[in-house]
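Each chain gets a letter, A, B and so on, in the order its sequence line appears, and its residues count up from 1.
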Amino acid sequence: MTDASVLGATKPAPVETEALTLMLGDRVLLDRATLRVERGQVLAITGGAGSGKTALLGALAGRLPAGVDMAGSARIDGHLLIAQGGRLAPRRPLALQVAEVVGHHLGLDLRSSLRRMADGLDRMGVPAAARRFDLPPEQLPEQLRWACLFAMAVAVGPAVLLADAPAAGLDPTVRLRLLHRLADWARADGVALVLAGRPEDGLAGPADRVLALRRARLLPPSPARTEPLAPLEQPGAARLHARGVGMSYPLAPGPRGEARSLAVLHGIDLDVRTGETLALLGETGSAKATLARSLLCLPPPTAGAVVWMGRDLMAASAPPAAADGRGDGRGDDPDRGGLRRARRDLQPLFPDPAASFDPAMTLGAQFGLVLESLRPDIAADRRDHRIDEALEEAGLRPEAALRWPSALSVAEAAHAGLARAILSEPRVLIADEPASSLSAEERETFLDTLMAVRDRRRLSLVLATERYDEGLRDAHRGVVMLAGRVVESADAGTLRTAPLHPYSRAMLAAAQGERPALEGDAPSAFAQPAGCPLRRRCPLAREFCAQAVPTLEEVAPGHHVACHYWDTPTDG
Amino acid sequence: MAEYDQPPLSHPVPPDTPRAGFARGLSGAAILAALALACAAAPLMADGSAVHRLDADPVAAALLDGRGSLSFALLAAVLGGLLGIGWALLAGMLGTLTGSRAERRTIAAAQRMAGWPLALLVPLAGGLMGPVWLLALVTALTAAPAVATLAHAELSGLMRAEFLTAARAAGLAEGEVVRRHLIPNLARPLLAAGVLALPRVLAAESFASLLGLGLPPALGSWGASVGLAARLGDPVAFVPPALLLALALWAACAIADGMAAGQRKP
């Protein structure tokens with residue numbers, strides 16, 4: 001690193017721009033940016049959707065996107081661009097693509113290209129058993145595909161590597177591990193590395209320097225909010241109880257005709273108190289979304305009970321679907337009324353708000369239907385007034401009621417989803433990754449609106465998210481989930497400062513941009529290891545972990561951990 | 001949100017063509033409508049007196065033939081579309097009532113049959129059976145599996161849509177969800193799948209008539225006229241029905257294509 005910086009001082013830097021200006025039509029994407037990246041330096045450029053990151057990288061790579069005009073100068077040494085989404089031909093065997101790219105840049109044959117690629121995969125921490133050069137990329141898991149892309153870049157060994165949205169869409173712990181390895185390689189080999197991505201992707205962690213692309217300027221990033229907007233109020237008594245909630249999906253029958261099923265949620269116990277915000281934290285396959293939907297009985301869980309205000313929702317929702325729902329729709333009205341009352345109190349927020357609106361109806365018509373169903377006490381001529389109020393509270397103009405769902409932008413759809421959820425004046429909002437479609441400022445605005453609505457209406461909020469810090473920021477309590485089980489639950493402050501489970505620690509590290517202490521990739525739901533589901537990745541794992549699934553034990557008042565060796569210190 | 005009005009470069013929205021294939025479908029419909037009108041008005045071209053097909057000039061004769069071809073195609077397409085849609089709905093209903101296994105079997109049969117050369121059944125039926133309605137039924141059956149496959153794909157995609165979950169969260173009963181949300185969203189895709197039967201039955205009937213095993217000669221058919229003219233070696237009688245048949249087939253395909261493209265999500 002020191003050698004690299006000494007060299008960098010004498011030679012011109014590999015990436016230099018002078019008053020680089022990018023215009024898309026008459027809109028300025030980038031205004032006179034002067035940028036310099038040294039050898040062995042890692043620069044992260046963050047910005048929301050449409051802020052011009054891709055255009056900037058395209059300009060640096062000399063491949064401007066169509067319609068973008070450039071002024072000023074950009075000088076760059078031998079570069080390699082990893083395009084957005086990691087472009088690999090999906091159906092061609094990986095070996096051929098590696099040979100093509102590496103061969104094109106270095107003039108090597110297939111064998112030497114693959115040998116260099118294998119070295120690259122070593123540096124990306126991919127175990128030898130996972131190297132499947134004969135497979136086409138579409139058959140590789142997403143994280144392995146990204147590791148292969150990075151390894152290809154390592155094999156080529158360019159002077160500058162430009163990566164657009166690297167490892168986007170991977171779980172935070174996996175993404176940060178890969179990015180740190182890529183940054184290590186760049187520093188060790190003296191490569192200027194430019195990472196561009198959304199601010200919530202955590203690119204800032206492995207980078208030496210971070211610039212935020214905001215309003216056409218490259219500025220130091222403004223720190224995200226870390227404290228709740230308003231001090232959190234003390235929650236009241238528990239109203240929503242989940243007892244032993246489990247979910248399993250039927251699979252095709254086995255070879256001898258026996259019924260098989262895949263259990264994704266294993267006996268979760270949960271209490272949500274009035275006015276409490278509970279963060280369900282977990283990555284892909286942790287079944288946090290399944291739990292959130294089970295609480296709403298959409299669909300009802302296959303085991304356990306969900307009780308709202310003393311009423312068992314599963315008993316209310318199950319009979320009409322199974323027994324006499326087809327025969328006479330009216331015979332089961334008392335039960336349905338009970339469920340409808342609960343539906344009025346428990347409202348969901350969906351991960352893809354745009355898809356949760358019927359494309360064949362205007363927003364207003366759909367909102368009217370919700371009111372007609374859940375609030376028959378509101379007279380028909382008062383409904384429009386109520387709809388306008390809800391829209392304004394969610395940060396939209398009342399005219400939005402006249403619009404069609406396909407005409408809404410992503411951010412507007414998210415706010416409209418919030419407006420629909422508060423229409424029936426619920427007591428609990430159950431939000432499953434409500435901001436996952438949003439980025440940067442839009443995301444912050446939406447979450448701030450959500451919290452403001454929660455505070456004004458004293459709602460309970462169940463917030464399922466994979467963003468550890470963001471979920472805990474506004475929460476009273478956090479529940480960390482892994483492979484359908486709760487592995488740690490504690491109040492938000494404890495989880496943010498001193499989590500005990502290795503998985504919580506890794507999520508916290510990833511959220512802070514540090515290197516998570518987990519190796520390898522998450523196992524598939526169909527091939528869970530026996531015993532603790534984390535044991536193949538865990539730094540604390542010992543032989544006993546394979547023998548028993550750890551149970552939740554109380555290690556301090558209100559702090560539960562499910563780990564055999566949580567009190568064993570980690571060294572490094 | 002003013003500064004985000006511009007769509008990001010990396011996720012370009014297509015320029016303002018909200019309904020892909022609309023122009024093609026519209027031109028197809030216009031041509032088919034014009035053909036149908038011309039065929040309907042064809043008797044007026046034959047001096048207004050009794051129509052003798054062999055005396056008429058070749059264009060008028062071809063237009064007269066179109067009456068048989070088009071009306072038969074319409075009848076068989078309606079039957080085939082209804083059969084296919086009914087098949088898909090039956091599969092969907094079996095899926096919700098008895099389990100996914102029955103649904104899979106029902107629709108797998110349609111998918112397998114869509115690959116068979118069912119069009120060969122039409123000349124067989126034309127040769128063996130007398131009444132036109134039986135022929136129409138067999139022709140409809142040849143088109144139904146393809147319609148059922150497409151309709152079922154649309155149906156099962158829609159059954160998983162998130163807005164149905166949102167409607168259930170709003171406390172709507174299943175019947176209400178179907179009535180308010182499923183049926184309005186299903187009407188167009190099912191219609192698009194049903195229109196797929198039109199070019200198929202037209203082609204199948206023309207093929208059978210070309211062999212002389214299709215519609216009875218009294219009805220007239222483009223395929224039969226093309227076949228007869230080819231056998232007699234009469235280019236003047238050959239060209240008009242062949243051109244009209246090609247035009248009608250293109251128009252029917254364009255309508256079906258345009259409707260299916262309008263359904264496709266980007």
Residue, of [options], that accumulates the most heavy atom pairs under 4.5 Å with chain B:
{"options": "A:A360, A:G58, A:P359", "answer": "A:P359"}
{"options": "A:L298, A:V370, A:D358", "answer": "A:D358"}
{"options": "A:P348, A:A252, A:A355", "answer": "A:A355"}

Which atom names give the shortest non-hydrogen contact between B:F163 and A:F357, and what distance separates them?
CB-C, 3.6 Å
Looking only at non-hydrogen atoms, find the nearest pair between A:P351 and B:E162 and report the distance.
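Taking every non-hydrogen atom into account, CD-OE2, 3.7 Å.
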How would you list, by chain and number, every residue that makes a salt bridge (Lys or Arg N to Asp or Glu O under 4.0 Å) with B:R180, sequence neighbours excluded?
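Salt bridge (Lys or Arg N to Asp or Glu O under 4.0 Å) check on B:R180 returns A:E372, B:E176.
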Results of salt bridge (Lys or Arg N to Asp or Glu O under 4.0 Å) for B:R101 - residues two or more places apart only:
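Not a single residue meets the salt bridge (Lys or Arg N to Asp or Glu O under 4.0 Å) criterion with B:R101.
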Select one option (side chain, backbone, both, neither) describing which atoms of B:A169 are under 4.5 Å from chain A's heavy atoms.
both
Atom CG of A:L369 and atom CG of B:L172: how far apart are they, to the nearest 0.5 Å?
5.0 Å
Can any side-chain N or O of A:R340 pair as donor or acceptor with the backbone N or O of B:G171 at less than 3.5 Å?
yes
For B:A170, does its backbone N or O pair with a side-chain atom of A:S373 as donor and acceptor, under 3.5 Å?
yes
Side chain, backbone, both or neither: which part of A:R344 has a non-hydrogen atom closer than 4.5 Å to chain B?
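When you check distances to chain B, no heavy atom of A:R344 falls under 4.5 Å.
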